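Lettering follows sequence order; numbering is per chain, from 1. Note that the structure is a prediction, hence the values are computed from the model and not measured.
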Amino acid sequence: MPDPYIPQQIEPKWQKRWEEDRLYRSVIDPNKPKHYALTMLPYPSGDLHIGHWYAMAPSDVRARYMRMRGYNVLFPMGFDAFGLPAENAAIERGIHPYQWTMANIEKMRRQLKSMGAMFDWEREAITCLPGYYRWTQWFFRKMYDMGLAYRKRAPVDFCPKCNTTLAREQVWGPDRVCERCGTPVIKKELEQWFWRITAYTEELLDFSRIDWPERVVAMQINWVGKSIGANVTFRTERGDPLVVFTTRPDTLWGTTFMVLAPEHPLVDELTAPEYREAVEEYKYFAARQSEIDRLSTEKEKTGLFIGAYAINPVNDERIPIWISDYVLMTYGTGAIMAVPAHDDRDFAFALKFGLPVIPVIDRPDGAARSFVRTGSVREGFAEALAEAGFPTEARNDGFYVSIPGTQADSLHHYIALAREYVRPEAWVEVVGGPWLFVFADGVLSVDSLENERRILERCQQLDPTARECRTVAEMLWRIRSYRGFLFHAEYGPMINSGPLTGTPGDVAVQKTTEWLAERGVGEFTVNYKLRDWCISRQRYWGAPIPIVYCDRCGIVPVPYEDLPVMLPTDAVIPPTGENALKYHEGFLHTTCPQCGGPATRETDTMDTFVCSSWYQYAYLSPYYKEGEPAHADSIPFDPEEGKYWLPVDVYTGGIEHATMHLIYTRFFTKVMRDMGLVDFDEPMTVLRNQGIILGEDGEKMSKSRGNVVAPDDLVERYGTDTVRAYLMFGWRWSQGGPWDSMGIEGVYRWLHRVWNLVLEPGSAGFQPASPKEIADLRRWTHRTIQRVTEDLENFNFNTVVSGLMEFTNALQKAKETAVYGTEAWEEAIETLLLLLAPCCPHIAEELWVRTGRPYSIHQQPWPEYNPELAAEEIITLVVQINGKVRARLEVPADITEEAAKEAALADPAIQRHIAGKKVRKIVYVPGRLVSIVV
RNA sequence: GGGGCGGUGGCGGAACGGUAGACGCCGGGGACUUAAAAUCCUCUGUCCGCAAGGACGUGCGGGUUCGAAUCCCGCCCGCCCCACCA
C-alpha cells in the first residue's frame with residue numbers, strides 16, 4: 001500500500017522547489033514562439049477571495065498548457081495599489097495608506113503563491129511605487145505634449161460639511177449623501193484635467209482585429225454611442241441661431257416646439273422678463289432633480305415655456321421654446337427640435353403640456369382607425385361600410401372602423417363614404433398616417449399648426465366636451481382605440497412635409513439632409529456619447545499629476561527629467577477624507593521649472609484607471625530605469641522585451657471591466673502607437689471573461705449574508721490542486737454559478753483515485769494482453785489527449801476535468817486486466833499525468849517523480865495524439881425508422897454503405913417495425929446511422 | 001425602452017443538425033466493518049409494464065429536415081449592461 005494522498009504535505013514542498021529552481025522565470029528566447037497570457041491584476045484589499053481564484057486559476061491552467069505546447073509563456077502578476085480604501089483605512093485605523101497597502105500586498109502575495117500558479121514574480125509590478133508611477137506621470141506629460149491633455153471646469157460631487165470632493169462610491173443612497181457625515185452632496189465646478197479619448201472614437205469602434213466576447217464588444221459600442229443624423233439651424237425670433245442635433249431630419253416638418261437643456265447658454269438671454277423667476281426656479285430644481293431621480297425610469301416630464309419662439313427653417317412655422325431636464329446639455333447641442341408625432345419623449349411632453357402634434361411620417365403598414373360617434377352620421381352608414389368590407393366594432397357611444405393598410409385605396413374609399421354620410425353638425429375623424437377630419441363641407445388634415453388650430457376650434461364649436469382639450473391630439477387621446485395610432489417612431493414615407501412630401505422612408509433621412517445642406521440650414525452630423533476622460537481625482541492616494549502653476553508662466557508641466565513628482569509619505573489624511581496634498585506645505589510649494597519663481601503644484605492625482613491602462617507594458621521590465629532621468633523620447637519599458645512579448649495574446653478577467661478599463665487600455669495603446677512606442681493597434685488580441693461564483697444559496701457572496709467561501713480554508717482542507725480542479729469543473733467558466741460544498745468533495749475523491757491508480761500495484765494477469773485490449777487502451781489515451789487539448793484551446797475548462805475523470809475511470813477498469821504493466825499502460829499513465837499537470841500541478845509532479853520520471857513534469861512537452869490510434873474500430877450504428885431510434889448495431893468502422901443498410905434491414909427489431917410497410921428511403925451517415933423512412 | 005447572455009433530470013452541467021442527460025453532486029441498494037467514517041460495487045429523466053418492450057421528454061407555439069436541445073419565425077421567463085443620448 002502506498003502512503004495516502006496528503007496534499008498539504010506535497011504542495012508546499014513543490015512550490016518551494018519550483019521557486020528555488022526559478023521554474024517559471026520567463027526569459028526572452030528567440031528560438032521559441034512567445035505567448036503573453038495576462039490575467040487582471042487585483043486591488044490589494046488584503047484578502048484574496050474565491051472570485052480572484054476563479055479568474056486566475058483557470059487562466060494559469062491555460063498558461064501552463066501553452067508552456068507545455070512549446071510556447072515561451074509570460075504570465076505576470078502585480079497589484080493595482082492606488083485607491084480610496086487605503087485612505088479610508090488610514091482614517092479608520094490611523095495607519096498610513098502606504099503601510100496598509102504594502103502589508104496587504106505581502107499577505108495577498110502569499111495567498112497567490114498558495115495557488116501554485118506559474119506567475120513570474122520577478123516581474124511583479126506595484127502601481128503605487130515611485131518606480132511605477134514615474135511612468136504613469138510620464139504618460140501624462142506625453143499626452144500633454146501631444147495635445148491630448150487639457151484642463152477645463154467640470155462638476156464634482158462635493159460634501160459641504162467635510163469640505164471635500166467625493167468619489168462616486170462615497171455618495172450614498174437615493175438622497176445622495178456623504179458616506180462619512182450624511183450631509184446631502186452638492187455639485188461643485190472645479191478645474192480638472194481631461195484626456196482626449198474622443199480623438200480615437202472611430203478607431204475604438206473597430207473590433208475587426210481582435211477576438212473579444214460579443215457582449216464586451218456590444219457594451220463598448222453602446223458606451224461610445226454613435227448616432228448619425230444632422231445638425232439643423234433654427235433661428236430665434238430675434239435672429240440668434242439655435243442649432244439642434246437630430247437623427248430624424250425627415251421629421252422636421254412635424255416640429256411643434258423646441259426644448260433646451262436648462263443649462264443651455266442661450267436660456268438666460270432668451271427668457272422673457274415675466275418668465276425669468278420661474279425659469280431660475282426650474283433651473284435650480286433641474287440641477288437637483290437630475291441627480292436625485294436619475295434611476296427612475298418612468299419619470300414624469302417636467303418643463304417650462306420661457307416666453308420665446310423660434311422659426312422652423314423648413315416651413316417658417318413659429319414654435320415655442322421650452323426648457324426641460326430631459327434634454328441634456330452634455331449631448332448633441334443641448335437643444336432639440338420636438339416632434340411629438342414621432343418621438344415618445346416629445347409625445348409625452350406634448351400631451352402633458354398641451355402642445356400640438358402634427359404627423360409627418362406615414363405609417364409603414366398604412367392602417368388607420370376611425371371612431372364614428374352615435375348620431376354623427378346618417379342612417380345606412382354602417383350598412384354601407386359592411387358592404388364595402390370595412391370591419392367595425394360596436395361601442396356604447398358609437399363604433400370603431402378599422403381601415404386596413406393592405407389595399408391602397410381603402411382610406412380614400414372610407415373618406416368618400418364618410419363624407420357622404422356625415423351630418424352637417426358633426427364630423428368623423430380618421431387617424432392613421434395622416435389625421436383627417438371629415439366634415440360635411442370638406443376634409444381637413446392635421447398638417448400644419450394653422451390647420452390644427454382650425455380643426456380644434458371647429459370641433460369645440462360642434463362638441464362642447466372638446467372645449468376641455470388644448471390640442472387635437474389631446475382630443476383624440478380621449479378615445480382609447482386611437483392611442484396606438486397617435487405616435488410612431490418608424491421610418492415611412494414623408495407626409496405633410498412641403499416639397500419633400502412623398503419621399504420614401506428608406507431615403508427620407510438622406511434626402512432631407514441633402515435638401516437642408518443645399519439651403520444652408522443643416523448638415524450631416526455624427527454624435528457620440530463618449531466624452532473625454534476626466535483623470536483628475538481630488539485624492540491623496542494616487543499618482544500626482546505632474547503640473548505646476550506659476551503666477552508668471554501659468555500652467556507649466558513638470559520636465560521629464562524631474563519625474564517622478566513624489567507622493568509625500570509623511571502626509572496626514574484629514575478625518576474628513578479631504579485631499580492631504582492640499583495641506584502638505586512641502587509638496588505644495590515648489591519653483592517654476594520655466595522661470596524659477598515661486599509656484600504651486602497641482603494637488604489632484606490621477607484616476608487609478610490610468611495606472612491599470614498600461615500595466616501590461618510595465619510587466620515587461622518593472623520600474624524600468626528607476627533612478628535614471630527620463631526624457632520625452634524615453635520608452636517606459638525595455639524595448640527588447642516589448643518587441644518579443646507584445647502584444648498580450650490572451651487576456652482574462654471579469655466582465656465588470658468591459659467598458660472603462662478595457663476602453664482606456666485600448667486608448668492608451670493607440671496613443672502609444674502614435675508615439676511610436678508600439679507597432680500594433682490593440683493591446684490584447686484575445687479576451688475571455690469568467691463568470692461570478694455565488695454563495696451556496698445562489699446569492700452574491702458577502703460578509704453580511706455570511707455566505708463567503710474563503711479560499712485559504714479550502715486550500716487547508718483539500719489542497720490547492722482540488723480547489724483549482726473544482727473551479728474548472730463546477731461550472732461553465734464564462735457563466736459561473738453557486739458554490740457547492742459537496743461538489744468539491746467529488747473532485748477531491750477523484751484526485752485520491754488518481755493517486756491510488758498510479759501508485760497502487762494492479763493485478764497483473766498471467767496471460768499477455770490481447771491486441772484488442774491494447775488497442776482499446778491506446779484509443780482511450782489518444783482520444784483523451786484530443787479532447788483535453790481541444791477543450792483547453794477553447795477555454796472549456798469544465799470538460800477538461802470531466803474528460804480526465806472519464807479517462808481515470810477507464811484506467812481503473814483496465815488496471816484489473818492483462819493490459820496492466822504493458823507499454824500501453826505506461827503510456828496511459830504518463831499521458832494522464834501530463835494532461836493533469838496544468839490543472840493540478842502538484843499532484844502531477846509528485847506522481848511523475850515518484851514513478852521515476854525526470855523532474856519537472858512542467859518542463860515536458862504536451863502529448864500529441866495519434867488520430868489512427870484514436871479512431872474506433874467497432875462503432876455503434878444507430879438505426880432510425882422515421883427519425884426514431886429502433887436499433888443499435890455493433891459494426892466495423894469501415895463498413896460499406898451497402899453492408900450497413902443490409903445489416904440494418906436484417907436486424908430483427910427493424911424487421912418487426914417495417915413489417916407490412918413500404919421502405920421509401922434510406923439515409924446513410926457513415927459511422928453514425930442508418931435512417932429508414934417508411 | 002435599447003443591447004447582450006441564458007432556459008436541458010432533484011442540482012452543477014455534457015452533447016460537429018445524427019444514440020439527449022457524458023462527468024460530478026445528491027439519493028436508493030449492496031460489499032467491507034463489532035459499529036461508524038473512508039473506500040469499493042451497483043442503480044438512478046418521467047410514465048406504462050413482471051419482463052421483453054413501449055410512450056413521453058431539452059421554457060411555449062409554429063416551420064425547415066429522413067432526423068432539431070442544436071437552424072429559422074413568433075412568444076414567455078430569468079440574469080447582466082446601458083438608459084430621457086434627441
* Whole angstrom value for the distance that separates C1' of B:G2 from CH2 of A:Trp223 -> 16 Å

* Structure fact -> Under a 3.5 Å limit on both distances, the Watson-Crick or wobble mate of B:U39 is B:A31

* Determine the contact category for A:Val923: base if any of its heavy atoms lies under 4.0 Å from a base atom, sugar-phosphate if only primed atoms, P, OP1 or OP2 are that close, otherwise nothing. => base

* To do: Look at all strands and tell whether A:Val747 reaches a base, only sugar-phosphate, or nothing, counting heavy atoms closer than 4.0 Å.
  => nothing

* Asked: In terms of side-chain heavy atoms of A:Glu214, which of B:A55, B:G4, B:C81 is nearest?
  -> B:G4

* Selected nucleotide, minimal atom distance to A:Leu328 side chain, candidates B:C23, B:G54, B:A86 -> B:A86

* Asked: What's the closest nucleotide to the A:Gln735 side chain, out of B:A86, B:G24, B:C5?
  -> B:C5

* Using a 4.0 Å heavy-atom cut-off across all strands, classify A:Val933 as base, sugar-phosphate, or nothing. => sugar-phosphate

* Take atom NE2 of A:His913 and atom C1' of B:G54, then tell me their distance rounded to the nearest Å. => 8 Å

* Structure fact -> Winner on side-chain proximity to A:Arg753, out of B:A86, B:C40, B:G4, is B:C40

* Asked: Between B:A14, B:A22, B:G18, which nucleotide gets closest to the side-chain atoms of A:Asn798?
  -> B:A14

* To do: Assign A:Ser931 to base, sugar-phosphate, or nothing according to its heavy-atom contacts below 4.0 angstrom with the strands shown.
  => base

* To do: Can you tell me, in whole Å, how much space there is between the P of B:A55 and that of B:C41?
  => 34 Å

* For A:Met660 and B:C82, give me the distance from atom CE to atom C1', rounded to whole Å. => 13 Å

* With a non-hydrogen cut-off below 4.0 angstrom, is A:Arg787 in contact with a base, only sugar-phosphate, or nothing? -> nothing

* Structure fact -> For B:A52, the nucleotide meeting Watson-Crick or G-U wobble distances (both under 3.5 Å) is none

* Do the rings of A:Tyr5 and A:His752 sit parallel, tilted or perpendicular, given the 30° and 60° boundaries? -> perpendicular

* **A:Met805 vs A:Arg531, nearer the 5' end of RNA chain B by closest nucleotide** => A:Met805

* **Base-pairing assignment for B:G78 (Watson-Crick or G-U wobble, both under 3.5 Å)** => B:C5

* Asked: Base, sugar-phosphate, or nothing: which does A:His342 touch, judged by heavy atoms less than 4.0 Å apart?
  -> nothing

* To do: Using the P atom on both, measure B:C82 against B:G28 and round to a whole Å.
  => 46 Å

* **Over-ring placement of A:Arg783 relative to A:Trp780, 6.0 Å and 45° cut-offs** => yes

* What does A:Asn527 touch in the nucleic acid at a heavy-atom separation under 4.0 angstrom: a base, only the sugar-phosphate, or nothing? -> nothing

* Structure fact -> Across every strand shown, the nucleotide meeting Watson-Crick or G-U wobble geometry with B:G21 (both distances under 3.5 Å) is none

* **Same-atom distance (P) from B:G17 to B:C84, integer angstrom** => 41 Å

* **A:Arg666 to A:Trp212 six-membered ring, cation-pi geometry met (6.0 Å, 45°)** => yes

* To do: Classify the nucleic acid contact of A:Gly654 as base, sugar-phosphate or nothing, counting any heavy atom under 4.0 Å across all strands shown.
  => nothing

* To do: Give one of base, sugar-phosphate or nothing for A:Lys884, where a contact means two heavy atoms less than 4.0 Å apart.
  => sugar-phosphate

* To do: Using a strict cut-off of less than 4.0 Å between a Lys/Arg side-chain nitrogen and an Asp/Glu carboxylate oxygen, indicate whether A:Asp907 and A:Arg912 qualify as a salt bridge.
  => no

* For B:C71, the Watson-Crick or wobble counterpart (both distances under 3.5 Å) -> B:G63

* Expressed in angstrom and rounded to an integer, what is the separation of A:Arg732 atom CZ from B:C79 atom P? -> 18 Å

* Asked: Considering only the P atoms, how many Å lie between B:C43 and B:A22, rounded to the nearest integer?
  -> 12 Å

* What's the closest nucleotide to the A:Met742 side chain, out of B:A86, B:C26, B:G24? -> B:C26

* When you compare B:C23 with B:G62, how far apart are their P atoms, in angstrom units rounded to a whole number? -> 35 Å

* Using whole Å, report how far CH2 of A:Trp750 lies from P of B:C25. => 12 Å

* **B:U65 to B:C73 separation - C1' atoms, rounded to the nearest Å** => 16 Å

* To do: Assign each of A:Val925 and A:Arg215 to its nearest nucleotide of RNA chain B by heavy atoms, then name whichever residue's nucleotide is nearer the 5' end.
  => A:Arg215

* To do: Provide, to the nearest angstrom, the distance between the CZ atom belonging to A:Phe487 and the P atom belonging to B:A86.
  => 14 Å

* To do: Would you verify whether the NZ or CZ of A:Lys301 falls within 45 degrees of the ring axis of A:Phe353 while also being under 6.0 Å from that six-membered ring's centre?
  => no

* With heavy atoms under 4.0 Å as the rule, sort A:Asn222 into base, sugar-phosphate or nothing. => base

* Are A:Glu745 and A:Arg717 close enough for a salt bridge, meaning some N to O gap below 4.0 Å? -> yes

* Asked: What is the glycosidic conformation of B:G9: syn, defined as within 90° of 0, or anti?
  -> syn

* **Nearest listed nucleotide, side chain of A:Asn809, among B:G24, B:U19, B:C84** => B:G24

* Expected output: side-chain A:His342 to main-chain A:Ala489 donor-acceptor under 3.5 Å -> no

* Once you round it to whole Å, what is the distance between P of B:A68 and CG of A:Asn882? -> 11 Å

* To do: Return no unless some side-chain N or O of A:Arg928 is found under 4.0 Å from OP1 or OP2 of B:G17.
  => no

* Any donor-acceptor pair under 3.5 Å from A:Lys815 side chain to A:Glu760 backbone -> yes

* To do: Would you kindly check whether a donor in the side chain of A:Lys529 faces an acceptor in the base of B:C82, or vice versa, at under 3.5 angstrom?
  => no

* For B:A69 and B:G7, measure between their P atoms and round to the nearest Å. => 14 Å

* To do: Answer with base, sugar-phosphate or nothing: what part of the nucleic acid does A:Glu745 contact at a heavy-atom distance below 4.0 Å?
  => nothing

* Selection from B:C84, B:A55, B:A86 that lies nearest to any side-chain heavy atom of A:Arg886 -> B:A55

* Is any side-chain N or O of A:Gln880 under 3.5 Å from a base N or O of B:G18, one able to act as donor and the other as acceptor? -> yes

* Asked: If only atom types and distance count, is the side chain of A:Thr302 paired as donor or acceptor with the main-chain N or O of A:Glu300 below 3.5 Å?
  -> no

* To do: Between B:C11 and B:G45, how far apart are the P atoms? Round to whole Å, please.
  => 14 Å

* Asked: CG of A:Asp740 versus P of B:G24: gap in Å, rounded?
  -> 14 Å

